[in-house]
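What follows is a set of notes on a single structure, which appears directly below.
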Amino acid sequence: MLLSHPRMQAARVVMLYYALPDEVDTRHLVDTLLKEGKTVILPKCVDKEHIEPRQYTGPDDLAEGIYNLLEPVGKPYHDLDSIELIIVPGMSFDSMGHRLGRGRGYYDRFLAQVPRAYKIGVCFDFQRVEQVPVDDNDRVMNEVISNKAR
């Protein structure tokens, strides 16, 4: 579904996440986009408050990071304005595009730095809820996609 999305097809620079076991799996998508010639960016947790975008060039770019996650080990990607599309994980999303993350604010802080990027939240259908709690620091998704069409 994401691969055929018009925003994905049009984007040259895409930021995704390398999925945890309880998240929508993006690992195959990461490699497919790379094979299609897109610039693929993955987040790296650099401390307990910040993620840093890193360019992904293949599976050898990954190593276990701060939370035992597979994360990119390459150089930081500094051209934030070139990121056209960001695929964002979450614990739940509501119909207004609000996202409930894991509570550390990593994505909200990062998304504040890339206001022009189109943000698609991805989740399993059971993670779509009527309302999630929000505050002034939360960033709204432009769109939310689950594994079942609505």
Side-chain angles (χ1 to χ4, degrees), residues 1-95 97-128 138-150:
M1 191 178 323
L2 276 174
L3 192 56
S4 63
H5 191 285
R7 293 277 182 164
M8 183 68 78
Q9 291 181 344
R12 294 178 318 274
V13 181
V14 179
M15 183 169 176
L16 301 98
Y17 61 94
Y18 209 76
L20 293 170
D22 63 345
E23 295 173 331
V24 173
D25 193 355
T26 56
R27 294 172 291 181
H28 177 70
L29 181 59
V30 166
D31 289 320
T32 300
L33 295 173
L34 189 64
K35 287 177 189 169
E36 289 183 355
K38 296 189 186 290
T39 299
V40 176
I41 309 299
L42 296 176
K44 176 174 178 55
C45 294
V46 292
D47 57 34
K48 296 207 182 255
E49 293 185 1
H50 300 94
I51 56 175
E52 181 177 76
R54 304 269 175 115
Q55 188 166 348
Y56 174 79
T57 60
D60 291 340
D61 280 358
L62 299 172
E64 198 170 291
I66 192 170
Y67 295 109
N68 301 322
L69 308 171
L70 284 178
E71 297 179 322
V73 295
K75 294 180 183 177
Y77 188 82
H78 295 293
D79 189 6
L80 299 184
D81 287 338
S82 73
I83 301 173
E84 299 161 88
L85 175 63
I86 303 176
I87 306 302
V88 184
M91 300 304 292
S92 61
F93 294 88
D94 67 22
S95 62
H98 299 120
R99 171 185 167 272
L100 181 66
R102 295 184 184 266
R104 297 192 184 267
Y106 282 108
Y107 270 94
D108 292 317
R109 279 187 289 279
F110 178 75
L111 293 173
Q113 299 175 58
V114 285
R116 293 192 315 228
Y118 192 84
K119 297 166 286 302
I120 299 177
V122 294
C123 62
F124 297 108
D125 196 57
F126 71 85
Q127 293 174 300
R128 294 185 87 147
D138 292 328
R139 301 294 166 207
V140 179
M141 302 295 104
N142 296 102
E143 186 175 346
V144 176
I145 296 175
S146 66
N147 61 328
K148 289 186 182 174
R150 288 200 170 218

Checklist entry - Between Leu20 and Arg102, is any pair of side-chain heavy atoms under 4.5 Å apart? => result yes

Checklist entry - Is the shortest heavy-atom distance from the side chain of Ile145 to the side chain of Phe93 under 4.5 Å? => result no

Checklist entry - So how far is it from Asp22 CG to Met91 CE, rounded to the nearest 0.5 Å? => result 5.5 Å

Checklist entry - Under the side chain to side chain contact (heavy atoms under 4.5 Å, CB included) criterion, do Asp61 and Leu42 qualify, and how do the steps go? => result CA-CA 10 Å; Asp61 280 358; Leu42 296 176; over 6 Å; no

Item to check | Set of side chain to side chain contact (heavy atoms under 4.5 Å, CB included) partners for Arg54, sequence neighbours left out | outcome: Lys44, Val46, Glu52, Pro72, Pro76

Item to check | side-chain contact (heavy atoms from CB on, under 4.5 Å) partner of Val122, the single match among Val144, Ile87, Val88 | outcome: Ile87

Item to check | Approximate separation, where rounding is to 0.5 Å, of Arg27 CZ and Tyr17 OH | outcome: 10.5 Å

Checklist entry - Would you say the side chain of Glu71 lies within less than 4.5 Å of the side chain of Cys45, judging by non-hydrogen atoms? => result yes

Checklist entry - Which pairs with one or both residues in residues 28-38 pass side chain to side chain donor-acceptor pair (under 3.5 Å), sequence neighbours excluded? => result His28-Thr32, Asp31-Tyr56

Next on the checklist: Under 4.0 Å between a side-chain nitrogen and a carboxylate oxygen: does that hold for Asp81 and Arg116?
Outcome noted: yes

Could you list the donor-acceptor pairs under 3.5 angstrom formed between side-chain atoms of residues 1-12 and any protein atom two or more places apart in sequence or on another chain?
from	atom 1	to	atom 2	distance (Å)
Ser4	OG	Met1	O	3.3
His5	ND1	Arg7	N	3.0
His5	NE2	Glu143	OE1	3.1
His5	NE2	Glu143	OE2	3.0

Checklist entry - So, does Gln55 use its side chain to make a donor-acceptor pair with the main chain of Gly74 at under 3.5 Å? => result no

Next on the checklist: One pair to check against side chain to side chain contact (heavy atoms under 4.5 Å, CB included): His98 and Val140. What are the steps and the verdict?
Outcome noted: CA-CA 5 Å; His98 299 120; Val140 179; 3.6 Å; yes

Checklist entry - Which atom pair, heavy atoms only, marks the closest approach of Thr39 to Tyr77? => result CG2-CE1, 4.2 Å

